[in-house]
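All heavy atoms count here, side chains included; hydrogens, waters and symmetry mates do not.
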Amino acid sequence: MNGAFGRYLRVDLSTGEANTRALGPEIFEALVGGVGLGTAILARETPAGFDPLGPDAALVFAFSPFVGTSITTSAKLAIVGKSPLTQRLSDALSSSDFAIVGKRTGHDAIAIVGHAAAPAVLIVGEKGVELHPCPELWGTDAPIEEVDSELRARFAGHHFATIGPAAEHGVRFACIANGGRHAGRGGLGAIMGRMRLKAIGVRGRERMSIADPDALVSISKDWASRSLGPETAKYRRLGTVANLAAFNRLAALPTRNFTRSTFDAAEALSGETLQTTRAEGRSACRACTIGCEHFFRSRRGKVKLEYENLFALGPLCGIEDPEIALAASHRCDELGLDTISAGGTIAFAMECSERGLLDGTPWARPELRFGAGEVMLAVLDDIARRRPGLGELLADGSRIAADRIGAPAPDFAPHVKGMELPGYSPRALQTMALGLSVSHRGADHNKSGAYEVDFSEHANRFAPDEAAVAGAIASEDRAALLDVLILCKFLRGIFPDVYAETAPALQAITGRSTTKTDLKAVARRVVALRRWFNEREGWTLAEDTLPARFFDEPLEHGAAAGAKLDRDRFTVLRANYHALRELDGDGRLPPDQATALARLVASIGS
Amino acid sequence: MVRVELFGIPRLEAGTATVEVVASDVGEALRALGAQVPALVPEVISADGELSPHYLVAVDGGQLTRDPARPLRLGEVLVLISAQAGG
């Protein structure tokens with residue numbers, strides 16, 4: 001089979017057994033790879049209603065037809081599991097050599113099940129599959145980067161996906177690092193931690209066959225050239241941190257646990273200021289021609305910073321000092337914490353503390369206030385180690401913490417389905433508010449790009465209509481396509497029609513006739529498959545909403561003053577979304593579609 | 001006078017965060033901006049004064065628009081931002 005090996009590796013950590021299971025051409029035709037393939041394998045490997053931290057859990061590292069080719073930004077993998085944070089599907093993407101080399105092991109995915117008897121490193125190499133006990137690497141609190149260096153020295157030529165102290169301690173928003181990048185959202189690292197799996201190392205030499213190498217090279221050159229055009233200039237020149245000042249001016253910058261959407265100290269934290277006062281160069285993911293990673297000078301050395309880290313560990317927590325935001329971002333990387341959930345959960349705790357909701361509880365920490373930078377840094381370490389008191393409370397994320405604290409905390413815990421909100425103010429970007437609420441993995445800006453509708457001349461960002469809903473769906477579908485191929489979303493701007501342009505590339509790899517219409521169907525199918533998985537795991541319509549704050553408390557400042565979500569209007573828009581997706585009145589898949597998806601999943605390995 | 005606030009690359013290219021122009025609508029403001037800050041031409045504003053498809057403006061930071069006929073009243077501020085908002 002071109003573009004794929006037609007099999008995935010299944011490793012049972014409980015027994016040490018490893019075997020391969022077949023993946024037929026129909027799976028690739030239906031789902032392509034990446035998050036589609038990973039979701040199907042996860043569903044195949046787990047029973048309905050399983051505990052993501054229990055013995056029946058699985059974690060899938062899924063590759064794609066594009067990885068390892070000359071296509072720009074294609075060195076990506078999808079890590080798929082049931083999120084301990086949301087109890088729903090989480091499909092996190094990451095870029096590194098791990099993706100390229102992982103596929104060269106001769107597998108389209110690696111599925112891990114079971115729990116190791118003791119902390120271990122899984123090696124999938126040229127000699128086969130080995131489980132190496134690693135008690136010396138467990139419980140040391142060593143930064144992930146140090147552990148990765150140690151492993152690469154010990155297992156020459158291997159590339160690793162590694163967890164840090166947060167995952168070892170079961171923090172529900174712990175991430176999985178690989179090559180300096182992080183599969184960040186949804187707490188998939190905690191699943192590895194519960195499996196007692198410190199790292200997975202891969203090394204391989206198997207080559208995937210490509211149907212039409214000349215055509216692929218031609219497409220690759222074209223895309224690489226266009227990736228350096230004006231559509232990506234912002235990311236190359238300033239990085240995603242450029243969002244901060246602009247969002248602040250539009251009153252779309254979440255601040256102080258979403259109590260505001262403007263931040264008085266935004267200028268000091270802005271990408272423009274960081275670029276002129278602290279720039280330390282930039283780099284790119286493996287096989288990427290864009291190079292959006294920007295580094296900034298701090299007292300702790302050179303720190304990589306993205307908008308989401310900056311907003312979550314800056315304005316959201318009331319932090320004005322760039323040094324603190326840089327230090328916090330760096331510390332999250334060392335500990336293996338998702339920066340968005342870390343910042344969101346701490347910001348929530350800051351508000352609870354200021355409102356006296358923690359007084360007289362084991363979680364009380366009077367010095368925890370918006371803007372208390374050193375306290376925030378200390379709490380990050382408390383969370384990562386689940387230290388008794390506040391650390392243990394916040395390690396489960398804002399939703400569980402709010403339920404334990406009690407009313408009124410759940411009204412302002414900043415999450416959807418348990419996942420903390422990214423840096424797009426829902427009251428100021430109301431198409432995005434819908435996109436966040438219906439997303440399969442909770443509040444997430446990578447799965448719903450509905451902000452693209454708000455950031456256009458075609459929609460009223462304070463009062464979206466049915467056309468905006470259609471735009472939100474289109475952005476969700478495009479994101480799903482990019483996540484199965486897998487390509488960086490920053491590339492999307494270079495494609496006037498992403499379906500029409502990626503179809504010939506996929507065809508050049510697989511040799512299978514692929515049209516724009518085929519890929520549109522794939523995207524819709526993958527969105528439906530993720531919904532199907534969530535329905536299997538107990539999803540209800542009540543989850544597709546936002547915290548009460550966004551409906552009850554109008555914003556008071558800036559260009560969004562007076563803006564809030566209207567419950568009735570939101571319900572209408574959500575119903576529009578369901579209708580356009582051809583779901584039933586409760587947002588569920590039609591029975592025939594659910595049956596077809598179940599049959600597709602069941603065909604795996606047979 | 002209308003104040004134009006620049007964000008991102010336009011700010012770096014212009015070397016300033018704000019520019020004052022005389023204009024009665026968005027189109028006039030953009031043409032005046034291009035004339036005053038040639039570094040923004042043609043990447044941000046074309047030689048004809050049209051806004052690049054990769055940028056948007058918002059009057060007083062409100063609704064985003066590309067409409068050159070949008071009138072500007074005394075004291076209103078034109079905010080110029082990138083159309084790419086991914087983070």
Side-chain angles (χ1 to χ4, degrees), chain A residues 229-252 262 267 270-273 275-276 292 306-311 340 422-424 428-429 432 445-446 449 451-452 454-463 488-490 492-493 558-561, chain B residues 2-19 25-27 29-30 37 39-47 50-73 75-87:
Chain A
E231 297 85 358
T232 60
K234 167 182 160 179
Y235 303 117
R236 286 181 279 119
R237 187 84 181 268
L238 279 159
T240 56
V241 292
N243 283 352
L244 193 129
F247 282 24
N248 183 61
R249 186 62 181 87
L250 299 183
T262 56
E267 207 53 51
S270 72
E272 294 88 335
T273 299
Q275 186 65 32
T276 51
C292 72
E306 307 285 351
Y307 167 67
E308 291 293 340
N309 305 21
L310 180 59
F311 116 86
I340 301 175
Y424 298 80
L429 303 168
M432 186 57 175
H445 64 294
N446 283 314
Y451 58 80
E452 293 172 31
D454 292 313
F455 279 89
S456 77
E457 69 275 34
H458 305 300
N460 180 338
R461 64 188 176 104
F462 300 113
C488 178
K489 296 196 174 66
F490 293 163
R492 66 190 185 277
Chain B
V2 170
R3 189 169 84 241
V4 184
E5 294 182 356
L6 307 174
F7 291 86
I9 291 174
R11 184 185 294 185
L12 298 186
E13 288 295 332
T16 180
T18 62
V19 177
D25 60 35
V26 168
L30 292 172
V37 188
L40 300 182
V41 182
E43 282 79 10
V44 181
I45 301 165
S46 76
E50 284 187 22
L51 189 61
S52 154
H54 309 295
Y55 291 89
L56 289 162
V57 292
V59 178
D60 287 341
Q63 293 298 338
L64 291 152
T65 184
R66 305 178 49 78
D67 180 8
R70 163 67 164 86
L72 292 173
R73 288 177 285 274
E76 284 188 324
V77 176
L78 196 63
V79 176
L80 174 60
I81 66 164
S82 167
Q84 273 81 42

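Contacts with chain B were tallied for Gly239(A), Pro422(A), Ser456(A), Gly271(A); Ser456(A) has the most, counting heavy-atom pairs under 4.5 Å. Between chain B and the residues Tyr235(A), Phe490(A), Phe462(A), the largest count of heavy-atom pairs under 4.5 Å involves Tyr235(A).
Looking at Thr240(A) and Glu306(A), their side chains do bring a donor and an acceptor atom within 3.5 Å of each other.
Only the side chain of Leu238(A) comes within less than 4.5 Å of a heavy atom in chain B; its backbone stays farther off. Of the atoms belonging to Ala245(A), heavy atoms from both backbone and side chain fall under 4.5 Å from chain B. Residue contact with chain A, scored on non-hydrogen atoms closer than 4.5 Å, involves the side chain of Ile81(B) exclusively. Proximity to chain B (any heavy atom under 4.5 Å) is restricted, for Tyr451(A), to the side chain, taken from C-beta onward. Looking at Ala233(A), both its backbone and its side chain come within 4.5 Å of chain B, counting heavy atoms on both sides. Ala85(B) touches chain A through backbone and side chain together, each having a heavy atom under 4.5 Å away. Proximity to chain B is absent for every atom of Asn446(A), based on heavy atoms less than 4.5 angstrom apart. Interface remark: Val77(B) contributes side-chain atoms only to the contact with chain A (heavy atom separation under 4.5 Å). Asn460(A) touches chain B through backbone and side chain together, each having a heavy atom under 4.5 Å away. Residue contact with chain A, scored on non-hydrogen atoms closer than 4.5 Å, involves the backbone and the side chain of Arg66(B) alike.
Here the CG atom belonging to Leu56(B) is positioned 9.0 Å from the CD atom belonging to Gln84(B), to the nearest 0.5 angstrom. The OG atom of Ser52(B) sits 9.5 Å away from the CD1 atom of Ile45(B) when rounded to the nearest 0.5 Å. Here SG of Cys292(A) is found 11.0 Å from CZ of Arg236(A). Values are rounded to the nearest 0.5 Å. Between Lys489(A) atom NZ and Glu452(A) atom CD the span is 10.5 Å, to the nearest 0.5 Å.
The pair Glu5(B)-Arg3(B) meets the salt-bridge criterion, with a side-chain N (NZ, NE, NH1 or NH2) lying under 4.0 Å from an Asp/Glu carboxylate O.
Taking the six-membered ring wherever Trp is involved, the centroid distance between the rings of Tyr307(A) and Phe247(A) falls below 6.0 Å.
In Glu50(B), the CD atom is not crowded: 12 or fewer heavy atoms of neighbouring residues, nucleotides or ligands sit closer than 6.0 Å.
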